[in-house]
Amino acid sequence: MMNKLIIYLLPLLILISCNGQEKKDNSLNDRRRNIKKDTLSEPINFLDLKYQKKGYSIPDNLTGNLNPSYSFFDINMGCFTVDYIGKTKKERDFWNIKDSSGYFNNDFPENEAKKSNRIRDILNTRKDNYYIIANYLDKKYIQNFDVTSGEFDITENAERKIYLYLGNNKWELLKSIKSKDIPEDYLKFCLDLLKGNGKIQDNKDEKLSDSIVFPKISRWSSDCNQEEYRKDIIIETNINNVQFSIYGRFSMNAQLKKINTDKYEFYFTDFPPIIPLPDNMQIWDDMDNTKPVGTIEIVSESKLILIWFGFYHKKLKKNIETENPFDKNNLAAVLVPCKK
């Protein structure tokens with residue numbers, strides 16, 4: 001279940017995404033009207049609540065990179081989209097449809113993508129974690145507006161202005177770019193644009209996890225020098241599996257589930273009869289394998305932090321065996337790689 005990959009194609013927001021649609025039906029021309037081509041003399045406060053009336057959403061651009069946004073259109077102004085881009089990979093992963101611990105934490109992501117109030121409330125509580133980007137198309141580039149459908153065409157030379165919110169109702173122009181030159185992966189485009197303008201500082205902690213390469217099989221322990229009765233885990237990265245050998249307590253196979261860039265939850269799958277189980281673990285059905293037993297955080301190629309929760313007992317309605325098998329005095333234990 002944890003390895004199940006679900007791909008949803010979320011509905012594209014055609015009418016409010018500021019992407020003018022080319023219409024094939026010439027019979028609509030008599031219901032269209034062109035817009036007076038003069039530019040706005042006053043700057044726009046893109047965050048004004050009056051522009052958010054259609055609500056927030058998470059449109060699918062079919063690249064897999066999702067982020068919350070809202071859009072606005074007015075024939076006397078033009079149109080724009082305001083995107084919220086996480087400042088860290090962890091924050092951006094929160095909106096990833098594959099992250100079961102993030103925003104899409106149920107089986108109906110196509111519904112969650114349109115829950116404007118929920119999206120807005122989440123952003124309001126963590127607004128400092130985001131770059132706010134406005135993508136503005138001036139009305140002078142809009143033509144053939146269809147009053148009934150709300151569709152329109154954009155001119156061949158249509159240009160968009162990309163702004164970054166600085167706070168206190170101030171916006172900085174990052175780039176003017178031809179509309180046709182904006183790539184499909186808009187989130188990546190924004191990140192590259194922010195970095196090119198010196199707005200993103202290199203985050204060494206974030207890069208670290210991306211540079212870590214583990215062998216297919218590796219053995220880890222809190223004390224590699226203990227040859228006999230050693231407590232260790234074996235990580236098989238090719239199948240995201242962890243094998244626990246805890247002398248005097250249990251032997252366990254567990255499945256890893258990624259919860260952010262460098263952190264995994266692990267869930268027990270079975271207990272090989274290598275080490276006898278304690279009495280309170282004899283009946284597997286009494287323990288809930290949908291509850292995580294703990295987490296493993298990758299700090300570097302030579303350091304893991306293992307936090308132990310214990311096994312949730314359905315009848316007792318609490319965790320049992322809560323003592324960390326690698327450090328009985330602490331909830332978290334530091335593990336290091338052991339040579340074969």
Side-chain angles (χ1 to χ4, degrees), residues 7-84 95 97 108-120 123 132-163 176-187 189-190:
I7 300 177
Y8 292 89
L9 301 182
L10 305 177
L12 293 174
L13 304 182
I14 297 177
L15 298 183
I16 63 172
S17 65
C18 290
N19 294 322
Q21 304 298 312
E22 181 181 354
K23 295 170 284 299
K24 305 296 183 180
D25 188 355
N26 291 329
S27 66
L28 296 177
N29 285 337
D30 58 347
R31 292 191 286 123
R32 297 169 174 169
R33 57 193 175 99
N34 289 327
I35 301 167
K36 185 180 178 182
K37 294 185 169 43
D38 56 359
T39 58
L40 293 169
S41 59
E42 298 295 332
I44 304 171
N45 178 15
F46 299 105
L47 294 181
D48 195 309
L49 292 178
K50 66 185 179 183
Y51 301 135
Q52 303 177 26
K53 291 181 179 179
K54 290 186 177 293
Y56 291 77
S57 64
I58 307 173
D60 186 1
N61 60 11
L62 305 183
T63 66
N65 290 330
L66 307 181
N67 64 275
S69 65
Y70 64 85
S71 296
F72 178 81
F73 171 78
D74 185 283
I75 59 173
N76 297 311
M77 177 189 296
C79 67
F80 61 83
T81 298
V82 174
D83 287 272
Y84 288 75
W95 305 99
I97 200 169
F108 302 99
E110 66 272 25
N111 295 331
E112 296 299 316
K114 295 177 285 186
K115 287 189 175 180
S116 175
N117 290 343
R118 184 186 175 209
I119 297 170
R120 181 200 61 210
L123 292 174
I132 302 177
I133 306 290
N135 179 333
Y136 173 60
L137 180 71
D138 192 282
K139 66 179 182 181
K140 68 181 180 180
Y141 298 116
I142 296 174
Q143 60 185 8
N144 302 327
F145 173 63
D146 187 330
V147 179
T148 302
S149 70
E151 294 183 345
F152 55 84
D153 296 326
I154 61 176
T155 63
E156 180 67 23
N157 67 333
E159 185 178 87
R160 296 175 185 265
K161 293 185 181 297
I162 313 298
Y163 293 91
S176 295
I177 183 173
K178 296 291 185 184
S179 184
K180 61 184 179 181
D181 293 335
I182 295 180
E184 290 184 0
D185 194 338
Y186 186 67
L187 188 145
F189 166 77
C190 288

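Legend: residues meeting side chain to side chain donor-acceptor pair (under 3.5 Å) with Asp181, ordered by chain and number and at least two apart, are absent. Applying the side chain to side chain contact (heavy atoms under 4.5 Å, CB included) test to Asp48 and every residue at least two apart in sequence or in another chain returns Asn45, Lys50, Tyr51. Applying the ring-ring contact (aromatic ring centres under 6.0 Å, His included) test to Tyr163 and every residue at least two apart in sequence or in another chain returns Phe46. With sequence neighbours left out, the salt bridge (Lys or Arg N to Asp or Glu O under 4.0 Å) criterion links Lys178 to no other residue.
Side-chain contact check for Thr81 versus Tyr70: every heavy-atom pair is 4.5 Å or farther apart. Within the 4.5 Å cutoff, the side chain of Ser179 has heavy atoms near those of the Ile154 side chain. Trp95 places a side-chain heavy atom less than 4.5 Å from the side chain of Ile119. Inter-residue side-chain proximity for Lys139 and Ile75 is flagged as unmet; no heavy-atom pair is nearer than 4.5 Å. Proximity of Ile182 to Asn135: side-chain heavy atoms (C-beta onward) are separated by under 4.5 Å at one or more points. Using a 4.5 Å heavy-atom threshold, the side chains of Ser57 and Ser116 count as separate. Side chains of Tyr141 and Glu159 form a contact here, defined as non-hydrogen atoms less than 4.5 Å apart.
Inspection of the Tyr186 and Asn67 side chains reveals no N or O donor paired with an N or O acceptor under 3.5 Å.
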Run the side-chain contact (heavy atoms from CB on, under 4.5 Å) check on Tyr56 and Leu123 step by step: do they pass?
-> CA-CA 10 Å; Tyr56 291 77; Leu123 292 174; 3.8 Å; yes

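Using cut-offs of 30° and 60° for the angle between ring planes, the Phe145 and Phe152 rings count as tilted.
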